[in-house]
Amino acid sequence: MCALRPLAAASAALLLLLLCSGAAVVSAHNITAILEGFPEYSLFNSYLSQTKLADEINSRQTITVLALDNGSMSALAGKKPLSVIKNELAIHVVLDYFDTQKLHQIPKGSTLSTTLYQTTGNAPGNTGFVNITDLQGGKVGFGAAAPGSKLDSSYTKSVKQIPYNISILQISAPIIVPAILAAAAPTASDANVTALLEKAGCKTFASLLLSSGVIKTYQSAMEKGLTVFAPNDESFKAKGVPDPSKLTNAELVSLLLYHAVADYTPIGSLKTSKAPITTLATNGAGKYDFSVKTAGDSVTLDTGVDSSRVASTVLDSTPVAIFTVDSVLLPTELFGKSPSPAPAPEPVTAPSPSPVSPAPGPAVEAPSPLAASPPAPPTETTPEGAPAAGPAVESANSKSDSAAGDLKAPALLAAIVAVSATVVSSLLMS
């Protein structure tokens, strides 16, 4: 009877895990694919792609997109530069999950919620927040967080939800933040790359760009799109980094071109990058590319020779992005692949006398020790403030279901295997 107790407890745990698996796994989302099913938001969807905000949205969880129909989006965009449109749209991406039910359950009726614009580092004061207020008569208003700002926009309808990953809500009008218009981001032609690099602690890299003439290649690429990964001054002093003065002119030019990409690739796009990224150095003689690895908010560039963390953002102004990196990026075409560690030498032992062979007899196999089972992985937690159960699916949610994403089955399988191992251990130990 005692032996059955651990079995019953473990079986109950396994059953509970299976029943709750739908809440434990995380769904991916693709904002572009979702909105493709709604032509009334085609202009809004197009600007999310042009500004690369779509990549940032897809790289995050627990997010709400305040969508604008084509008429409202046209009024917001006007003739403004793309860099300003990006900042304005970033205000419409809230870093929290709101559905219709939660909008009417806001504590004290009003809240200031963080938006994607706040994460840029360019938002003075509370300009990176949005005011969400539950008004009388069942309406919900949206406005800038600055004191005295009006709630010029209101909730219109729910578009799509993947609880509690992403929610898309339509609002009646754009949320206007005067500070964004007053502090318009510089255009590509206004950016002084070398001055920005020197200010960011990359004087050596800036000096090499000027002396080699590679800065002209950078400048000619800026209008169509340019991303620069600038090593800081300390990285040139690191062990194993070649002395730039000892490189041939062709090698130095290739090395500097390797630190730039002929495309606007902000941090959100780097996070979602799967294929190797080509650089300005890419040509018929070599790939000169690198891969991207992410861990949470950390982004690392892997060249095959070394790797470097993206440390900070110097400039993010469509279509130019400049980042600092912790190490000089060394392409395999110039410096070869990183060497594999040498195998450890085998220990030298003194010869021992040959053992006397025992009399033949039946072979007895020694029992193998029971392997310790790994702990079950932690389950995903529901975001703070999320209702205990998801709201009823609205009719609009029937569209674009293919964009909801795939369930991550391997993690669930690992958890089931771990619990099953626990069951076996309990039976053998009882």
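These figures come from a predicted structure and were not determined experimentally.
Considering every non-hydrogen atom in both S110 and N131, the closest pair reads OG-OD1, 3.3 Å. Between P242 and L247, the shortest heavy-atom distance links the atoms CB-CD2, 4.3 Å. Considering every non-hydrogen atom in both F236 and P231, the closest pair reads CE1-CB, 3.9 Å. When all heavy atoms are compared, the tightest approach of S153 to S172 is OG-N, 3.5 Å. Pairing each heavy atom of N58 with each of I31, the nearest pair is OD1-N, 2.9 Å. When all heavy atoms of T114 and Q118 are compared, the closest pair comes out as CG2-CB, 3.7 Å.
If you check the side chains of S235 and D233, you find no donor sitting under 3.5 Å from an acceptor. Looking at D302 and T300, their side chains never bring a donor and an acceptor atom within 3.5 Å of each other. No side-chain N or O of T62 forms a donor-acceptor pair with one of D96 less than 3.5 Å apart. For the residue pair S158 and T100, no side-chain donor N or O sits within less than 3.5 Å of a side-chain acceptor on the partner.
With L196 as the partner, the side chain to side chain contact (heavy atoms under 4.5 Å, CB included) test is satisfied by one option alone out of V314, V320, V228: V314. Just one of Q161, K160, K102 meets the side-chain hydrogen bond (donor to acceptor under 3.5 Å, both in side chains) condition when paired with S167; it is Q161.
Listed for the E251 side chain is a donor-acceptor partner under 3.5 Å among the backbone atoms of T248. Remark: the backbone N or O of L252 is not paired with any side-chain donor or acceptor of N249 at under 3.5 angstrom. Remark: the backbone N or O of S327 is paired with a side-chain donor or acceptor of S308 at under 3.5 angstrom. Listed for the S212 side chain is a donor-acceptor partner under 3.5 Å among the backbone atoms of L208. In this structure a side-chain-to-backbone donor-acceptor pair under 3.5 Å is missing from D152 to I175. A donor-acceptor pair under 3.5 Å is absent between the side-chain atoms of H92 and the main chain of P174, judged by distance alone. Remark: side-chain polar atoms of E333 are paired, donor with acceptor, to backbone N or O of K287 under 3.5 angstrom. When atom types are taken as modelled, the side chain of T294 and the backbone of V299 share no donor-acceptor pair closer than 3.5 angstrom. Not a single donor-acceptor pair under 3.5 Å links the side chain of D306 to the backbone N or O of G304. In this structure, the side chain of S254 engages the main chain of A250 through a donor-acceptor pair within 3.5 Å.
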Kindly determine whether F98 and I132 satisfy side chain to side chain contact (heavy atoms under 4.5 Å, CB included), including the steps that lead there. CA-CA 10 Å; F98 286 92; I132 306 176; 4.0 Å; yes
Could you check D316 against K86 for salt bridge (charged side-chain N to carboxylate O under 4.0 Å, His left out), going step by step and ending with a plain yes or no? CA-CA 10 Å; D316 184 352; K86 178 178 182 178; 3.2 Å; yes
Begin with the C-alpha distance, continue with both residues' side-chain angles, and end with the deciding distance and a verdict on side chain to side chain contact (heavy atoms under 4.5 Å, CB included) for K52 and D263. CA-CA 11 Å; K52 302 295 182 79; D263 188 24; 3.6 Å; yes
Please step through side chain to side chain donor-acceptor pair (under 3.5 Å) for the pair D69 and S72, ending with a clear verdict. CA-CA 6 Å; D69 63 20; S72 297; 3.1 Å; yes
Using side chain to side chain contact (heavy atoms under 4.5 Å, CB included), reason through V94 and L66 one step at a time and then give a plain yes or no. CA-CA 8 Å; V94 181; L66 305 177; 4.0 Å; yes
Assess whether side chain to side chain contact (heavy atoms under 4.5 Å, CB included) is satisfied between L151 and F142, documenting all intermediate values. CA-CA 5 Å; L151 299 175; F142 297 83; 5.7 Å; no
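In this structure, Q61 and L95 have side chains that are not in contact, with every pair of non-hydrogen atoms separated by 4.5 Å or more. Using a 4.5 Å cut-off on side-chain heavy atoms (C-beta onward), Y264 and S269 make no contact. Residues I171 and L68 form a side-chain contact, since some pair of their non-hydrogen atoms from C-beta on lies under 4.5 Å apart. Side-chain atoms of V261 and F290, non-hydrogen and from C-beta on, do get closer than 4.5 Å to each other.
We find that K139 and D134 are not joined by a salt bridge, their nearest charged nitrogen and carboxylate oxygen being 4.0 Å or further apart. Residues R60 and E56 are paired through a salt bridge, judged by an N-O separation under 4.0 Å between the basic side chain and the carboxylate. Between D297 and K271 there is a salt bridge, since a side-chain N of the basic residue sits under 4.0 Å from a carboxylate O of the acidic one.
Classification of the Y258-Y288 ring pair by plane angle, with boundaries at 30° and 60°, yields perpendicular.
Distance check, rounded to the nearest 0.5 Å: CG of L209 to NZ of K216 gives 13.0 Å. Here CG of L301 is found 9.5 Å from CZ of F323. Values are rounded to the nearest 0.5 Å. For the atom pair Q170 CD and S154 OG, the distance stands at 9.5 Å (nearest 0.5 Å). The OG1 atom of T32 sits 8.0 Å away from the CD1 atom of I57 when rounded to the nearest 0.5 Å. How far CE of M222 is from CD1 of I322: 6.5 Å, rounded to the nearest 0.5 Å. To the nearest 0.5 Å, atoms CG (D289) and OG1 (T303) are separated by 10.0 Å.
Between Y117 and F129, the distance separating the two ring centers is not shorter than 6.0 angstrom.
Atom NZ of K203 has 12 or fewer neighbouring heavy atoms from other residues, nucleotides or ligands inside a 6.0 Å radius.
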